[in-house]
> 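First the structure, then my questions, so here it is.
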Amino acid sequence: MKRRCLQLLATGLVVLGQHAVADGNIEKHANPDTGLLSWQSQGDALQLELIQVLPDYVRAVYSSRGLPREIIDKVSGYCVFGTILHNRSEGPVAYRVADWRYITPDGERHRIRTKTEWVQEWRDMGVAFRWSMLPDDQVFEVGDWGQGFTTIDLAPGSRFDLEYTWRVNDTTYTRTIEGVECAPAEAPVH
Amino acid sequence: MHLLKHRFTSAAIAGLLAACLLSLLSAAAVADEDLSHSFAPVDPPRSVPDFSLPDMDGELHTLQDYRGKVVLINFWATWCPPCRREMPALERLYSKLGGEAFAVLAINQWEDADHVFAYMGDLNVIPSFPILFDPESRVAEEFGVKGLPTSFLLDRQGRVVFRAVGGRAFDHPEVEQTIRSLMAAE
């Protein structure tokens with residue numbers, strides 16, 4: 001019976017893949033010119049950088065793309081980050097935003113709304129623009145990298161922990177960035 | 001006159017936006033030396049559907065017309081910082097290798113000729129390769145592009161043989177060597 005259980009467990013690991021907690025570290029920076037904060041992981045196969053984005057900047061980007069006021073007001077009322085991802089390994093690295101979670105101070109875990117979900121909502125409003133947002137999922141080959149907005153369904157100034165994952169071969173790695181702060185509603189005075 | 005005024009307005013907006021973008025990303029700016037020059041092989045080589053897209057002057061360019069040449073296809077937009085950064089290197093590469101056996105097609109996403117015209121005015125070196133317009137991103141979707149910039153190298157048979165996601169140092173000797181090898185292949 002015990003052997004049977006072990007076989008099932010081993011099979012499960014093969015089917016589901018292995019999981020590991022990444023062993024890199026996170027560096028937090030403040031931009032001396034703008035006062036805005038950023039977080040960057042170091043030492044992982046997938047390097048992630050999150051950069052605070054002010055609501056005014058979000059408005060400027062989407063206004064210049066001709067998006068309707070309704071969309072601009074809605075998106076700029078959320079917590080938006082510029083997100084930059086790099087493959088820092090010697091092989092392919094995959095990520096999927098649908099697997100990422102943000103954890104609010106009450107301990108609740110939440111899904112991050114994906115680019116496809118945003119685009120679907122906007123398409124219903126007659127808008128197809130999609131290029132500014134971080135792609136839902138990608139396989140980065142050696143040297144590949146990408147960037148885009150990540151939008152968290154929280155108000156400017158909110159705090160949360162971000163748990164994100166990536167996959168190398170059959171292993172899924174998880175890292176948590178604690179104490180991420182959404183950009184304030186207005187530019188910080190510094 | 002109206003068109004000229006519109007273009008200068010677009011230039012002002014584009015300039016403002018570019019300044020915002022550069023400011024935003026300054027903390028995260030990747031130094032030039034950090035731009036990768038690697039292209040991932042696409043194995044097996046992948047066929048792509050033919051397309052026809054207009055250039056800045058409205059003239060149609062059809063991919064089929066480039067058959068027999070090695071073609072570097074670059075999907076980009078003016079607001080995308082790494083797209084802006086890699087453009088001068090792309091021009092240097094094209095100046096060196098462009099001609100009978102090598103072509104570059106830079107396919108703009110979701111912008112129009114006026115917008116790109118304004119952007120070109122900000123550049124020290126204006127691209128001499130064709131800038132094409134894919135306003136609804138149909139060609140980008142057919143190529144499976146998920147983010148900008150993304151580039152593809154097509155061999156002389158018109159098959160995708162290499163792919164690069166993110167900005168690249170196109171004028172790196174290894175990129176040049178890869179293209180020369182494809183140009184020399186039967």
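Lettering of chains follows the sequences in order, A, B, ..., and the numbering in each one begins at 1. Hydrogens, waters and symmetry mates play no part in the numbers below; they use all other heavy atoms, side chains included.
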> Of all the heavy-atom pairs spanning Pro82(B) and Trp145(A), show the shortest one and how long it is.
CB-CH2, 3.5 Å
> What residues of residues 37-48 of chain B make heavy-atom contacts with chain A at a cutoff under 4.5 angstrom?
Ser38(B), Ala40(B)
> Can you sort out the partners of Thr116(A) under side-chain hydrogen bond (donor to acceptor under 3.5 Å, both in side chains), two or more places apart, ordered by chain and number?
Asp136(A)
> So which atom in Trp131(A) and which in Trp79(B) form the shortest heavy-atom distance, rounded to 0.1 Å?
O-CH2, 3.3 Å
> Are Phe81(A) and Val58(A) grouped together when hydrophobic residues (ILVMFWY) are joined by side-chain heavy atoms under 4.5 angstrom apart?
no
> For Asp56(A), what residues pass the side chain to side chain contact (heavy atoms under 4.5 Å, CB included) criterion, not counting sequence neighbours?
Arg59(A)
> When heavy-atom pairs shorter than 4.5 Å are enumerated against chain B, which of Glu141(A), His29(A), Gln138(A), Gln40(A) gives the highest number?
Gln138(A)
> Taking CG in Asn124(B) as the centre, count heavy atoms belonging to other residues, nucleotides or ligands within less than 6.0 Å. Is the count above 12?
no
> Determine whether more than 12 heavy atoms belonging to other residues, nucleotides or ligands lie under 6.0 Å from atom CD of Gln157(B).
yes
> State yes or no: do Leu48(A) and Phe149(A) share one hydrophobic cluster built from I, L, V, M, F, W and Y residues joined by side-chain heavy-atom distances below 4.5 Å, directly or via other members?
no
> Return the minimal non-hydrogen interatomic distance between Val142(A) and Arg168(B), and the atom names on each side.
O-NH2, 4.2 Å
> Inspect the surroundings of CD in Glu186(A) and state if more than 12 heavy atoms from other residues, nucleotides or ligands are less than 6.0 Å away.
no
> Linking I/L/V/M/F/W/Y whenever their side-chain heavy atoms sit closer than 4.5 Å, directly or via other members, would Val97(A) and Val119(A) fall into one cluster?
no
> Quick one: do Leu134(A) and Lys146(B) satisfy side chain to side chain contact (heavy atoms under 4.5 Å, CB included)? Show the steps, please.
CA-CA 9 Å; Leu134(A) 189 71; Lys146(B) 293 190 172 184; over 6 Å; no
> Can you pull out the residues in residues 133-140 of chain B with any heavy atom less than 4.5 Å from chain A?
Ser137(B), Ala140(B)
> CG of Asp73(A): more than 12 outside heavy atoms within 6.0 angstrom?
yes
> When hydrophobic residues are tied together by side-chain contacts of less than 4.5 Å, even through go-betweens, does Met133(A) share a cluster with Leu50(A)?
no
> Membership question, hydrophobic clusters at under 4.5 Å side-chain separation (ILVMFWY): are Trp100(A) and Val180(A) in the same one?
yes
> More than 12 non-hydrogen atoms from neighbouring residues, nucleotides or ligands closer than 6.0 Å to NZ on Lys96(B), yes or no?
no
> For Val165(B) and Asp144(A), which heavy atoms make the closest approach, and how far apart are they?
N-OD1, 3.0 Å
